Number of protein chains: 2
Amino acid sequence: MRTEYSTRPREQITALLRKERRYLSAAEIYALLRKSRSKVALSTVYRTLGLLETKREVSQRVDEHGESTYVSCAPTHHHHAICRKCGKVEEVACEAMESFAGELRTHHGFELDDHAMEFFGRCAACK
Amino acid sequence: MRTEYSTRPREQITALLRKERRYLSAAEIYALLRKSRSKVALSTVYRTLGLLETKREVSQRVDEHGESTYVSCAPTHHHHAICRKCGKVEEVACEAMESFAGELRTHHGFELDDHAMEFFGRCAACK
DNA sequence: ATGATTTTGCTAATCGTTCGCAAATTAGGG
DNA sequence: CCCTAATTTGCGAACGATTAGCAAAATCAT
Ligand SMILES: [Zn+2]
Ligand SMILES: [Zn+2]
Ligand SMILES: [Zn+2]
Ligand SMILES: [Zn+2]
């Protein structure tokens, strides 16, 4: 049967991601877990991240060096405001998309069906 | 002195990018040039893309397989509407950002200083 | 043309990510 | 509990896109 096991490594990785609300690379997650006496293999980190990604529990982002980074977030549609100082990620809704959709249709004849956006700046704490 | 040479490979790569208004990977550019009897090395493609990127003449994007892709576009601030069918990229302006900036500040205390966005759908021709 | 400078083309190295497989864990009866 | 089947882990090797090194070729000003 096609079940899904609940294991120690998966719990640790998931817990870490939920605690650290910022984009982390697989290597960073691996290093952080290793510091807290949790021996998880790097490949397990990658596999778990892939799993969480398909379950929409983490979102992936390629950073400026080309490395993939991951953050725990809601499975529903939203966007991320990323603090340049501390890395904190905040989820923000997007209502203003209707105006863009209209703009695209009238000016370009483009039928919008999806979009992605990211915000950068300083969070309340770092400002 | 620190001059910049105008060479055959660079012209070919630039010309190709200006003709194909869609995101292409280095390997695709290499293959396309090779088909049209232009022997350019893959590393030259990479180097030229890096050059054009710093000159803001192309913008880079990581596709769904993790590969970097590049498209020729304006050096001024804008966003891209990408056709899911033919790949055509259209440049679109963003005026509605003030509303997002306000929303972020009042609801999250977030000081916005930059943003990125992409639109996906069908272009006028493919609709 | 000449010579200094930049660019190219190969190839080899790099490095994040994925794969393969045997050993270890898990879940679920009996 | 104990057994077994199914899944997951850990390790190392393999992979693939990108970068680096360096001698040879191309460019440009004189
Ligand atoms: Zn912050
Ligand atoms: Zn949205
Ligand atoms: Zn199209
Ligand atoms: Zn904008």
Side-chain angles (χ1 to χ4, degrees), chain A residues 1-18 20 22-55 57-72 87, chain B residues 1-18 20 22-55 57-72 87:
Chain A
M1 77 197 68
R2 179 104 271 287
T3 338
E4 186 164 290
Y5 289 5
S6 167
T7 72
R8 196 99 192 298
R10 284 179 184 174
E11 281 162 13
Q12 313 233 57
I13 293 166
T14 305
L16 175 65
L17 281 168
R18 282 210 245 262
E20 305 272 342
R22 61 198 172 97
Y23 279 99
L24 297 170
S25 69
E28 286 174 320
I29 293 166
Y30 173 75
L32 285 171
L33 290 179
R34 176 150 291 237
K35 276 208 197 84
S36 59
R37 61 171 152 66
S38 311
K39 307 218 279 196
V40 197
L42 183 55
S43 52
T44 301
V45 174
Y46 274 107
R47 280 181 294 225
T48 303
L49 287 171
L51 193 67
L52 294 173
E53 213 179 337
T54 62
K55 293 167 70 181
E57 289 181 26
V58 308
S59 101
Q60 188 251 36
R61 177 181 132 75
V62 177
D63 73 9
E64 55 280 5
H65 307 304
E67 283 187 64
S68 289
T69 57
Y70 308 82
V71 72
S72 164
Chain B
M1 75 198 71
R2 181 104 271 288
T3 337
E4 186 163 292
Y5 288 5
S6 168
T7 71
R8 196 101 191 296
R10 285 180 185 174
E11 280 162 14
Q12 313 234 54
I13 293 166
T14 305
L16 175 65
L17 282 168
R18 282 209 245 263
E20 305 273 341
R22 60 198 172 96
Y23 279 99
L24 296 170
S25 70
E28 286 173 320
I29 293 167
Y30 173 76
L32 284 172
L33 289 180
R34 177 151 293 235
K35 277 209 197 83
S36 59
R37 63 170 151 66
S38 309
K39 308 218 279 196
V40 196
L42 183 55
S43 52
T44 301
V45 174
Y46 275 108
R47 280 181 295 225
T48 302
L49 287 171
L51 194 67
L52 294 173
E53 212 178 338
T54 62
K55 293 168 71 182
E57 289 181 27
V58 308
S59 102
Q60 187 251 36
R61 177 182 133 74
V62 178
D63 72 11
E64 55 280 5
H65 307 305
E67 284 187 63
S68 290
T69 57
Y70 308 82
V71 72
S72 164

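It should be emphasised that the depicted structure is a prediction, and the values quoted were computed from it without experimental measurement. Labels below follow one simple rule: chain letters A, B, ... track the order of the sequence lines, proteins then strands, and each chain is numbered from 1. All values below come from the heavy atoms of this structure, side chains included, with hydrogens, waters and symmetry mates left out.
- Residue B/Tyr5 places no side-chain N or O under 4.0 Å from the OP1 or OP2 atom of C/dT7.
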Give the intermediate values and the outcome of side chain to side chain contact (heavy atoms under 4.5 Å, CB included) for residues B/Ile13 and B/Thr48. CA-CA 8 Å; B/Ile13 293 166; B/Thr48 302; 3.6 Å; yes

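- C/dT8 atom P lies 11 Å from atom CD of B/Gln12, rounded to whole Å.
- For D/dC28, its base never sits under 3.5 Å from the side chain of B/Thr3 at any donor and acceptor pair.
- Side-chain contact of B/Ser6 with B/Glu11: a donor-acceptor pair under 3.5 Å is present, judged by distance alone.
- Remark on DNA chain D: of its neighbouring residues A/Ser6 and B/Thr7, the 5'-side contact belongs to A/Ser6, judged by nearest-heavy-atom nucleotide.
- Regarding A/Glu53, its CD atom lies at a distance of 11 Å from the P atom of C/dT17, rounded to whole Å.
- Atoms CZ (A/Arg47) and C1' (D/dG12) sit 12 Å apart, rounded to a whole Å.
- In this structure, CD1 of B/Ile29 is placed 14 Å from P of D/dA17, rounded to the nearest angstrom.
- No side-chain donor-acceptor contact under 3.5 Å links B/Tyr30 and B/Thr44.
- Phosphate proximity of C/dT17 to A/Ser68: present, with a side-chain N or O under 4.0 Å from OP1 or OP2.
- Toward the 5' end of DNA chain D, the nearer of the two residues A/Lys39 and B/Pro9, judged by each one's closest nucleotide, is A/Lys39.
- Regarding contacts with the backbone of D/dT9, a side-chain N or O of A/Arg10 is found under 4.0 angstrom from either OP1 or OP2.
- One finds a side-chain N or O of A/Thr44 lying less than 4.0 angstrom from the OP1 or OP2 phosphate oxygen of D/dG10.
- The separation between B/Arg8 atom CZ and C/dT6 atom C1' is 18 Å, rounded to whole Å.
- Between B/Leu42 atom CG and D/dG16 atom C1' there is a gap of 12 Å when expressed in whole angstrom units.
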